[in-house]
Amino acid sequence: MTPRTCGVIFAIIFSAICFAFVMSREIIPFGKSDPSYDLNPNARFARNHLRQILEAISVYHSDTGVLPYHPEGSDSALYLLRNYLPATCFANTPTTNSVDAPYWDDERKELKNSGWEYLNQRGNFQSQRIYIVSHPIPHSSIVYLGLKHGEILTRELARHPGCKLLGSFVTSEGFIVASEDLSTSWSRMAPSARAEASIFESGQLTEITDTHRGLIYRYEYIPKRDALARRCIFSVKSRVEIKEDVQVDDVKQIIGIGRTPENWRDVWNRMVNSQGLKNKSDPVRKTREGMAD
């Protein structure tokens, strides 16, 4: 074997090792949504249809000033989108059986055979709120979630959440929070919009560096459940830390937050003030003032 051949073999082996390392610890820009989404044909089909539904809801809201709503339920509310997109867009998986295909029931004024559940509530069209959840998809544990502006999240769950995630909120880090109050409390201390990078390991967010605030966020998970257990916020300058232990339900959404130390509010103020920053939410979160326990 010639020295040149040995060099080529070594280069191939070294490249393979480097590729394996990068794949196990991916560093991506902060704010990239859902690094674990699937791009197989069925997933592309579901995501494409969900994006069209969200766009139709957005246009309907722009035209009427309100969200689709009907007291008879989700299927009657979605019927209000009849002139905005074909009923076939409400399929969440490809099918050759026309009996199972979604269609408009003009007599009952309902959408039939929809593959999606809709929130169907009056109110403002809120960013980061879940308005659409996919119905169970055969032979798949993936659930598709639709938000304002056509944003889509996917979650792999052992059992389908039903309507449990409808109306919940999604944090800037991609965690699902059960109520608006909890979302406000969590987001008030979340990484700023200027945070530089996120680190994912095996598809899980493990660390965010927020150079603007001089903070490092670390995320710990419940073993074997793939659910968040704790967020730790560490100040590089003042060398203090806040730990947020979270409670999650059976579909992995946050339903409670407990913070330590007891004077965590004072510690948070010290963290922010040590960087010469005002203790207020970022411009992108300016409508969410205040902080709940």
Side-chain angles (χ1 to χ4, degrees), residues 28-39 43-69 74 77-78 80-81 84-85 89-90 92 114-135 137 142-157 160-188 190-191 193 195 198 203 205 228 248-249 251-255 281-288:
I28 64 176
F30 173 67
K32 179 179 179 180
S33 63
D34 197 4
S36 60
Y37 66 83
D38 190 3
L39 286 182
R44 288 198 298 270
F45 180 94
R47 293 170 70 88
N48 181 51
H49 278 201
L50 179 51
R51 191 169 288 110
Q52 291 181 67
I53 296 168
L54 293 170
E55 176 63 23
I57 292 173
S58 180
V59 174
Y60 179 92
H61 179 263
S62 178
D63 289 347
T64 66
V66 297
L67 290 168
Y69 169 79
S74 173
L78 292 175
L80 298 173
L81 301 177
Y84 289 81
L85 75 171
C89 287
F90 287 90
N92 65 17
S114 173
W116 309 89
E117 189 66 34
Y118 170 62
L119 179 59
N120 191 35
Q121 285 185 4
R122 290 191 177 99
N124 298 326
F125 201 6
Q126 296 173 281
S127 298
Q128 303 304 112
R129 195 175 195 194
I130 298 172
Y131 286 93
I132 298 280
V133 175
S134 60
H135 285 167
I137 298 175
I142 299 296
V143 179
Y144 298 89
L145 311 171
L147 291 76
K148 187 178 179 181
H149 303 310
E151 187 174 355
I152 297 171
L153 296 179
T154 61
R155 289 293 181 269
E156 185 170 6
L157 299 172
H160 193 273
C163 297
K164 208 166 187 177
L165 297 179
L166 276 175
S168 296
F169 291 80
V170 180
T171 73
S172 60
E173 304 114 310
F175 302 113
I176 300 174
V177 184
S179 71
E180 187 170 10
D181 287 344
L182 278 176
S183 175
T184 299
S185 176
W186 182 270
S187 298
R188 188 64 173 84
S198 310
L205 174 66
L228 184 67
V248 294
D249 62 13
V251 292
K252 304 180 185 178
Q253 69 175 338
I254 297 172
I255 58 174
S281 56
D282 297 315
V284 295
R285 305 187 184 98
K286 63 183 177 182
T287 60
R288 296 181 176 180

Once you round to the nearest 0.5 Å, how far does [atom1] of [X] lie from [atom2] of [Y]?
X	Y	atom1	atom2	answer
Ile53	Phe90	CD1	CZ	4.5 Å
Phe169	Ile254	CZ	CD1	13.5 Å
Lys148	Asn124	NZ	CG	8.5 Å
Cys163	Ile130	SG	CD1	12.0 Å
Glu117	Asn92	CD	CG	12.0 Å
Tyr60	Tyr69	OH	OH	12.0 Å

State, with a plain yes or no, whether a side-chain heavy atom of [X] is found less than 4.5 Å away from one of [Y].
X	Y	answer
Pro191	Glu173	yes
His160	Val143	yes
Leu78	Pro68	no
Tyr131	Leu67	yes
Leu205	Phe175	yes
Lys252	Leu228	no
Val170	Leu153	yes
Arg129	Gln121	yes

Measure from the side-chain N and O atoms of [X] to the backbone N and O of [Y], and report whether any donor-acceptor pair falls under 3.5 Å.
X	Y	value
Ser179	Leu182	yes
Thr184	Glu180	yes
Ser187	Ser183	yes
His149	Ser127	no

Matching residue for Leu145 among Thr154, Ile176, Leu166 - test: side chain to side chain contact (heavy atoms under 4.5 Å, CB included): Ile176
Verdict with supporting geometry, His49 and Gln52, side-chain contact (heavy atoms from CB on, under 4.5 Å): CA-CA 5 Å; His49 278 201; Gln52 291 181 67; 3.9 Å; yes
Pairing residues for Glu156 by the side chain to side chain contact (heavy atoms under 4.5 Å, CB included) criterion, not counting sequence neighbours: Ser141, Ile142
Looking at every heavy atom in both [X] and [Y], which two are closest together, and how far apart are they?
X	Y	value
Thr64	Val66	OG1-O, 3.0 Å
Ala77	Asn120	CB-OD1, 3.2 Å
Ser114	His135	O-ND1, 3.0 Å
Leu54	Glu151	CD1-O, 3.7 Å

Candidate pair Glu55 and Tyr84, rule side-chain contact (heavy atoms from CB on, under 4.5 Å), full reasoning: CA-CA 9 Å; Glu55 176 63 23; Tyr84 289 81; over 6 Å; no
CG (Asp63) with more than 12 external heavy atoms under 6.0 Å: yes
Derivation of the side-chain contact (heavy atoms from CB on, under 4.5 Å) call for Trp116 and Val133: CA-CA 6 Å; Trp116 309 89; Val133 175; over 6 Å; no
